[in-house]
Student: 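After the structure tokens below, expect a handful of questions from me.
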Amino acid sequence: MTEFIGMPAPRPRPRGGAPVAVAVAVADLEARLAALRSRREPYVLATVVRAQRPTSAKAGDRALVLPDGTIEGFVGGVCATDTVRAQSLRLLRHTGRATLLRITPEAEAPHEEDGLVAVGQPCLSGGTLEIFLEAVLPALLVHVYGDSPIARAFASVGTAMGYQVESTADPLAAVAEDTSAVLVASHGVAEEPVLRDALAKGVPYVGLIASRKRGAAVLAQVEGGERVHVPAGLDIGARTPGEVAVSVFAEIIGLR
């Protein structure tokens, strides 16, 4: 299975190798979330939705969990923090789904059902916490090259699907490192530089709008051209630019 949303390189761990929990003010946390989103970095937002005493955390307390295990904010003492960290990293690495985490002395063994994970309270203080864990992953990034009706249709359809689309008519515009798909629809104008850049960066899906014959001639000049999808898209009898765009995004979804 092709992985389309890559994780960023792990951030350096604090001295000693263990992730840490960092206290931050509410305003600082909001600013931190905005900065992470702007840099397309994944994280988990943990929010205490219910606290049954004795617990140090209260309903409304929040923290974010980074891919290296660092926690910024407050959702409880060390026992709760360790559990939140473990479950959050699990979401980032495997499911990407939102989960309600229940930490309670009533759970003798870990229990999981749709949307809920219940684990035992490892500390002697007791108390029950329910913490909503929301994995926030960057939108799939699509690089569209070309100034044509099909290129514009790619941008419109991709945006409607919730993807982040970067459109350009400049063949020298760099393809971002975490790009998931590159779509070339320039109809013969400077296609090779864009294809080479996408292939060199290991973009999971690279599509070229061209006939099979012309596409083979173009790719003969591009190292690794066998990885390029040409003609791009599923064969659904597409004719209009919008239909072609749908067929290509359907192929991308299928490969994911």
Side-chain angles (χ1 to χ4, degrees), residues 1-9 34-42 96 136-256:
M1 178 179 292
T2 303
E3 185 65 36
F4 274 69
I5 302 181
M7 299 292 290
L36 290 171
R37 287 193 294 269
S38 68
R39 295 200 301 267
R40 295 180 49 78
E41 294 185 22
V136 181
L137 304 175
L140 185 146
L141 180 59
V142 179
H143 182 101
V144 177
Y145 167 64
D147 184 16
S148 66
I150 291 179
R152 290 190 286 274
F154 280 149
S156 296
V157 173
T159 300
M161 295 174 66
Y163 299 159
Q164 181 176 332
V165 180
E166 295 185 347
S167 298
T168 181
D170 180 4
L172 300 181
V175 174
E177 294 291 343
D178 63 339
T179 299
S180 295
V182 169
L183 308 177
V184 177
S186 62
H187 299 294
V189 178
E191 296 163 322
E192 293 87 345
V194 183
L195 295 171
R196 291 192 184 99
D197 190 16
L199 293 170
K201 290 177 177 172
V203 175
Y205 180 95
V206 182
L208 172 62
I209 298 300
S211 66
R212 197 174 302 278
K213 181 177 180 179
R214 191 179 75 79
V218 172
L219 297 181
Q221 307 174 57
V222 178
E223 183 177 356
E226 66 278 359
R227 288 185 44 225
V228 177
H229 296 262
V230 58
L234 300 179
D235 185 5
I236 60 173
R239 294 292 182 268
T240 68
E243 291 171 347
V244 171
V246 168
S247 75
V248 172
F249 280 110
E251 184 173 46
I252 292 172
I253 293 170
L255 291 174
R256 290 178 65 199

Student: Hey, could you give me the OG/NE2 distance between Ser167 and His143, rounded to the nearest 0.5 Å?
Tutor: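 NE2 of His143 is found 8.5 Å from OG of Ser167.
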Student: Would you compute the distance between atom CD1 of Ile252 and atom CG of Leu140 and round it to the nearest 0.5 angstrom?
Tutor: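 Here the interatomic distance stands at 7.0 Å.
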Student: How about Glu41 and Pro138: do any of their side-chain heavy atoms sit closer than 4.5 Å?
Tutor: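 Side chain of Glu41 against side chain of Pro138, heavy atoms only: no contact under 4.5 Å found.
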Student: Only counting residues at least two apart or in another chain, list the ones meeting side chain to side chain donor-acceptor pair (under 3.5 Å) with Asp170.
Tutor: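 With neighbours one apart ignored, the set is empty.
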Student: Kindly write out the residues that satisfy side-chain contact (heavy atoms from CB on, under 4.5 Å) with Leu234, not counting sequence neighbours, or none if the list is empty.
Tutor: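 If we apply the side-chain contact (heavy atoms from CB on, under 4.5 Å) test to Leu234, skipping adjacent residues, the hits are Ile236, Ala250, Glu251.
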Student: Report, one line per pair, each donor and acceptor closer than 3.5 Å where one atom sits in a side chain of residues 144-161; sequence neighbours left out.
Tutor:
unit_1	atom_1	unit_2	atom_2	d
Tyr145	OH	Val189	O	2.8
Asp147	OD1	Arg152	NH1	2.9
Ser148	OG	Ala151	N	3.1
Ser148	OG	Ala185	O	2.8
Ser156	OG	Arg152	O	3.2
Thr159	OG1	Ala155	O	2.8

Student: Name all residues meeting the side-chain contact (heavy atoms from CB on, under 4.5 Å) criterion together with Ala216; count only those two or more places apart in sequence or in a different chain, and write none if there are none.
Tutor: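 Ala216 satisfies side-chain contact (heavy atoms from CB on, under 4.5 Å) with no other residue.
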Student: Please enumerate all residues that pass side chain to side chain donor-acceptor pair (under 3.5 Å) together with Arg37, with sequence neighbours excluded.
Tutor: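 Result, side chain to side chain donor-acceptor pair (under 3.5 Å) vs Arg37: Tyr43.
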Student: Taking only residues two or more places apart in sequence, or in another chain, which ones meet Gln164 in a side chain to side chain donor-acceptor pair (under 3.5 Å)?
Tutor: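 With neighbours one apart ignored, the set is Arg40.
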Student: Who pairs with Arg227 by side chain to side chain donor-acceptor pair (under 3.5 Å), at least two apart in sequence or on another chain?
Tutor: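 Partners of Arg227 under the side chain to side chain donor-acceptor pair (under 3.5 Å) test: none.
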Student: Looking at every non-hydrogen atom in both residues, tell me the closest pair between Ala35 and Ser38 and how far apart they are.
Tutor: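 Shortest heavy-atom separation between Ala35 and Ser38 comes out as O-OG, 2.7 Å.
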Student: For residues 238-249, which side-chain N or O atoms pair as donor and acceptor with protein atoms under 3.5 Å away, sequence neighbours left out?
Tutor:
unit_1	atom_1	unit_2	atom_2	d
Arg239	NH1	Gly237	O	3.4
Thr240	OG1	Glu243	N	3.2
Glu243	OE1	Arg239	N	2.8
Glu243	OE1	Thr240	N	3.1
Ser247	OG	Val244	O	2.7

Student: Could you give all pairs that pass the salt bridge (charged side-chain N to carboxylate O under 4.0 Å, His left out) test and reach residues 196-205, with sequence neighbours left out?
Tutor: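 Of all non-adjacent pairs touching residues 196-205, those that pass salt bridge (charged side-chain N to carboxylate O under 4.0 Å, His left out) are Asp197-Lys201.
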Student: Side chains of Val142 and Tyr205: closer than 4.5 Å at any heavy-atom pair?
Tutor: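 Answer no - side chains too far apart.
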Student: Flag the pair Glu166 / Val175 as yes when at least one side-chain heavy-atom distance between them is below 4.5 Å, and no otherwise.
Tutor: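 SC-SC contact between Glu166 and Val175 ruled out.
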Student: Would you please name every residue forming a side-chain contact (heavy atoms from CB on, under 4.5 Å) with Val230, sequence neighbours left out?
Tutor: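 If we apply the side-chain contact (heavy atoms from CB on, under 4.5 Å) test to Val230, skipping adjacent residues, the hits are Leu208, Ala210, Leu219.
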Student: For Ser211, check side-chain contact (heavy atoms from CB on, under 4.5 Å) against everything at least two apart and list the hits.
Tutor: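 Residues passing side-chain contact (heavy atoms from CB on, under 4.5 Å) with Ser211: Lys213, Arg214.
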